[in-house]
Trainee: 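I am attaching a structure below and will ask some questions about it afterwards.
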Amino acid sequence: MAPYAPAPADKPAPNWLRMVCISDTHNTTDSNNYPIPEADILVHAGDFTKMGTTAQIDQFICWLKSLDHIPIKIVVAGNHEVILDKEFYEQHWHRFHTAKEDHQSAVDKLKSAGHGIIYLNNESYIVDGAKILHEKYQKQKKESSMEKTTQHMDCIGVGNDAMDIDASAVVDPREGWTEGYRIWASPWQPEFYEWAFNEARGKLKDIWKLIPEDVDILMTHGPPKYHGDIVSLGKDRHAGCEELLERLKLVRPLYHVFGHIHEGYGISDIKWDEGNHST
């Protein structure tokens with residue numbers, strides 16, 4: 001995360017959605033040091049805790065709830081959220097925690113957090129953009145009516161105070177809106193130092209087959225191969241998933257948001273060409 005949040009540019013049109021993408025915050029979020037800009041959707045691509053304890057998940061949820069300027073917050077786990085990977089946690093909890101904690105309780109905290117928090121694990125969520133934008137429009141319209149008044153004079157010159165809602169600059173964003181956006185998210189990645197949601201290379205194809213072909217925004221904790229995946233370990237190597245890259249060539253989402261490899265931050269602009277791609 002950058003240590004500041006520059007003011008976002010104006011939307012090209014009122015019916016555009018603005019999305020903030022972050023990952024690998026590891027319980028370091030602080031509204032003073034890391035303010036989150038105004039947006040319609042926040043997506044967090046995993047590793048929101050340091051060691052996946054229930055207390056750290058509580059801290060993360062509390063921070064998400066404080067972002068009342070963003071109505072929808074969509075979250076997927078990463079390899080550091082060890083308690084959320086049930087099978088892994090049953091076998092390896094002692095490596096990370098001094099006392100075993102309850103997996104289901106941790107999942108339930110995220111699932112029932114409210115405040116627009118959506119936790120996904122190999123599943124989809126449809127963003128109702130029209131609803132999000134219309135609610136924001138109604139709020140803006142109300143604020144506009146409170147701020148702007150007009151003095152009206154009757155025909156005989158007697159003052160008659162009245163409230164005139166001046167919402168000329170507030171356009172109902174539902175105009176031109178046709179459908180929602182399908183977001184699908186998965187925490188899995190190729191084996192990486194024996195943490196949660198790891199699978200051996202060559203065995204992730206069945207998980208990636210779950211990605212819907214009509215997905216608009218894909219969230220995975222780990223990167224596809226060759227995109228933001230170089231790890232420095234004396235000699236650079238690619239840690240991304242080749243099977244995920246192959247699935248991307250088929251589903252071709254509008255956006256793919258991921259994290260995991262801290263030194264790999266940035267953006268890839270993909271141009272698809274007959275099943276292949278160029279950056």
Trainee: At what distance, to the nearest 0.5 angstrom, does CD1 of Ile118 lie from CG of Leu42?
Mentor: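 Separation between the atoms: 12.0 Å.
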Trainee: Under 6.0 Å between ring centres, would you say that holds for Tyr125 and Trp184?
Mentor: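 Tyr125 vs Trp184: aromatic centres not under 6.0 Å.
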Trainee: Calculate, to the nearest 0.5 Å, the distance between atoms CD1 and CG belonging to Ile183 and Leu120 respectively.
Mentor: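 Those atoms lie 7.5 Å apart.
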Trainee: Could you give the distance from CD1 (Ile117) to CG (Leu110), rounded to the nearest 0.5 Å?
Mentor: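 Reported to 0.5 Å precision, the distance equals 8.0 Å.
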Trainee: Could you report the tightest heavy-atom contact between Gly52 and Ile83, atom names first, then the distance?
Mentor: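 Heavy-atom minimum between the residues: O-CG2, 3.1 Å.
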Trainee: For residues 65-90, pull every pair meeting salt bridge (charged side-chain N to carboxylate O under 4.0 Å, His left out), keeping only residues two or more places apart or in separate chains.
Mentor: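 Output for this query lists Glu90-Lys100.
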Trainee: Donor-acceptor pair, distance only, cut-off 3.5 Å: does the side chain of Asp214 make one with the backbone of Pro212?
Mentor: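 Side chain of Asp214 to backbone of Pro212, a donor-acceptor pair under 3.5 Å: no, none is there.
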Trainee: Does the pair Ile74 and Met219 meet the rule for a side chain to side chain contact (heavy atoms under 4.5 Å, CB included), with working shown?
Mentor: CA-CA 9 Å; Ile74 301 178; Met219 294 171 60; 3.7 Å; yes
Trainee: To the closest 0.5 Å, what do you measure between OG1 (Thr25) and OH (Tyr34)?
Mentor: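 Reported to 0.5 Å precision, the distance equals 10.0 Å.
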Trainee: Within the 3.5 Å criterion, strictly below it, is a donor on His227 or Ser268 matched to an acceptor on the partner's side chain?
Mentor: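 Yes, because at least one side-chain N or O of His227 sits under 3.5 Å from a partner of the opposite role on Ser268.
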Trainee: Do Leu17 and Val127 make a side-chain contact, defined as non-hydrogen atoms from C-beta onward lying under 4.5 Å apart?
Mentor: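 When only atoms from C-beta onward are counted, Val127 and Leu17 do touch, with a gap below 4.5 Å.
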Trainee: Okay, side chain of Asn79, backbone of Ala196: is any donor-acceptor separation there less than 3.5 Å?
Mentor: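 No; judged by distance alone, with no hydrogens or angles, the pair does not exist.
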Trainee: What are the two closest heavy atoms between Lys249 and Glu246, and how far apart are they?
Mentor: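 Closest heavy-atom pair between Lys249 and Glu246: NZ-OE2, 3.1 Å.
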Trainee: Might you point out which heavy atoms bring Ala99 and Trp93 nearest each other, and give the distance in Å?
Mentor: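 Between these two residues, the closest heavy atoms are C-CZ3, 3.7 Å.
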Trainee: Any carboxylate oxygen within less than 4.0 angstrom of a Lys/Arg side-chain nitrogen, looking at Glu123 and Arg182?
Mentor: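 No.
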Trainee: Assess whether atom NZ of Lys111 is packed by more than 12 heavy atoms of other residues, nucleotides or ligands within 6.0 Å.
Mentor: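 Above 12, so yes.
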Trainee: Take the angle between the ring planes of Phe48 and His44 and call it parallel below 30°, perpendicular above 60°, tilted in between.
Mentor: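 Judged by the thresholds at 30° and 60°, the geometry between Phe48 and His44 is perpendicular.
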Trainee: Do Asp108 and Gln104 have side-chain N/O donor and acceptor atoms under 3.5 Å apart?
Mentor: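 Yes.
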Trainee: Please evaluate residues Val82 and Trp195 with respect to the criterion side chain to side chain contact (heavy atoms under 4.5 Å, CB included), reporting the C-alpha separation (whole Å), side-chain torsions for both, the decisive distance (0.1 Å), and the verdict.
Mentor: CA-CA 7 Å; Val82 294; Trp195 284 68; 4.2 Å; yes
Trainee: May I ask whether Trp208 and Leu210 are part of the same hydrophobic cluster, defined by side-chain heavy atoms of I, L, V, M, F, W, Y residues being less than 4.5 angstrom apart, directly or through others?
Mentor: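 Result: yes, single cluster for both.
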Trainee: Atom NZ of Lys205 and atom CG of Leu244: how far apart are they, to the nearest 0.5 Å?
Mentor: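 Here the rounded value is 13.0 Å.
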Trainee: Could you tell me if the ring centre of His80 sits under 6.0 Å from that of Phe96?
Mentor: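 When the ring centroids of His80 and Phe96 are compared, they turn out to be at least 6.0 Å apart.
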Trainee: For His97 and Thr53: C-alpha separation, side-chain torsions, deciding distance, then whether side chain to side chain contact (heavy atoms under 4.5 Å, CB included) applies.
Mentor: CA-CA 7 Å; His97 300 162; Thr53 66; 3.4 Å; yes
Trainee: Quick one: does any side-chain atom of Glu199 pair with a main-chain N or O of Pro190 as donor and acceptor, under 3.5 Å?
Mentor: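 Judged by distance alone, no pair lies under 3.5 Å.
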Trainee: Please examine the side chains of Phe258 and Val76, heavy atoms only from C-beta on, and report whether any two atoms are closer than 4.5 Å.
Mentor: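 Contact flag for Val76/Phe258 side chains = no.
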Trainee: With clusters defined by side-chain heavy atoms of hydrophobic residues (ILVMFWY) lying less than 4.5 Å apart, directly or transitively, does Ile41 cluster with Ile126?
Mentor: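 No, separate clusters.
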Trainee: Could you walk me through whether Leu250 and Ile211 satisfy the side chain to side chain contact (heavy atoms under 4.5 Å, CB included) test, starting with their C-alpha distance in whole Å, then the side-chain angles of each, then the deciding distance to 0.1 Å, before giving a yes or no?
Mentor: CA-CA 10 Å; Leu250 176 63; Ile211 301 173; over 6 Å; no
Trainee: Is there a donor in the side chain of Thr220 and an acceptor in the side chain of His256, or the other way round, less than 3.5 Å apart?
Mentor: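 Side-chain D/A pair, Thr220 to His256: present.
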Trainee: Between Asp47 and His260, does any side-chain donor sit less than 3.5 Å from a side-chain acceptor?
Mentor: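 There is no such pair (donor and acceptor under 3.5 Å, judged by atom type) between the side chains of Asp47 and His260.
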Trainee: Can you find a pair of side-chain heavy atoms, one from Glu242 and one from Arg201, that are under 4.5 Å apart?
Mentor: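 Side-chain contact under 4.5 Å: no.
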Trainee: Are the side chain of Tyr89 and the backbone N or O of Glu101 linked by a donor-acceptor pair below 3.5 Å?
Mentor: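 Yes.
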Trainee: Do the side chains of Val251 and Ile207 join up, straight or via other hydrophobic residues, at under 4.5 Å, putting them in one cluster?
Mentor: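 Yes; tracing contacts between hydrophobic side chains, which count when under 4.5 Å, links both residues.
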Trainee: Does the His69 side chain pair with the main chain of Ile36, one donor and one acceptor, at a distance under 3.5 Å?
Mentor: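 The answer is yes, because a donor-acceptor pair under 3.5 Å joins these two groups.
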Trainee: Between the main-chain N or O of Tyr181 and the side-chain N or O of Asp216, is there a donor-acceptor pair closer than 3.5 Å?
Mentor: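 Here the side-chain-to-backbone pair does not exist.
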Trainee: In chain order, what residues pass the side chain to side chain contact (heavy atoms under 4.5 Å, CB included) check against Lys109, with sequence neighbours excluded?
Mentor: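 With sequence neighbours excluded, Lys109 shows a side chain to side chain contact (heavy atoms under 4.5 Å, CB included) to Thr54, Asp58, Ile61, Ser105, given in chain and number order.
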Trainee: How far does CZ of Phe197 sit from CG of Leu204, to the nearest 0.5 angstrom?
Mentor: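 Result: 13.0 Å between the selected atoms.
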Trainee: Might you point out which heavy atoms bring Ala45 and Gly259 nearest each other, and give the distance in Å?
Mentor: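 Shortest heavy-atom contact: CB-N, 4.1 Å.
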Trainee: Can you see which heavy atom on Leu84 is nearest to which on Tyr119, and at what distance?
Mentor: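 Minimum heavy-atom contact is CD1-OH, 3.6 Å.
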Trainee: Looking at Pro37 and Val20, what are the two nearest heavy atoms and their distance?
Mentor: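 Of all heavy-atom pairs spanning Pro37 and Val20, the closest is CG-CG2, 3.9 Å.
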Trainee: Return yes if some donor-acceptor pair links the side-chain N/O of Gln56 with the main-chain N/O of Thr49 below 3.5 Å, else return no.
Mentor: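 Not a single qualifying donor-acceptor pair exists.
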Trainee: With a 4.5 Å cut-off on side-chain heavy atoms, are Val231 and Glu263 touching?
Mentor: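 Touching, per the 4.5 Å side-chain cut-off.
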Trainee: Can we call the ring centroids of His221 and Trp188 under 6.0 Å apart?
Mentor: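 Not under 6.0 Å, so no.
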Trainee: Below 30° counts as parallel, above 60° as perpendicular, anything between as tilted: where do the rings of His262 and His26 land?
Mentor: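 The arrangement is tilted - the two ring planes meet at 30° to 60°.
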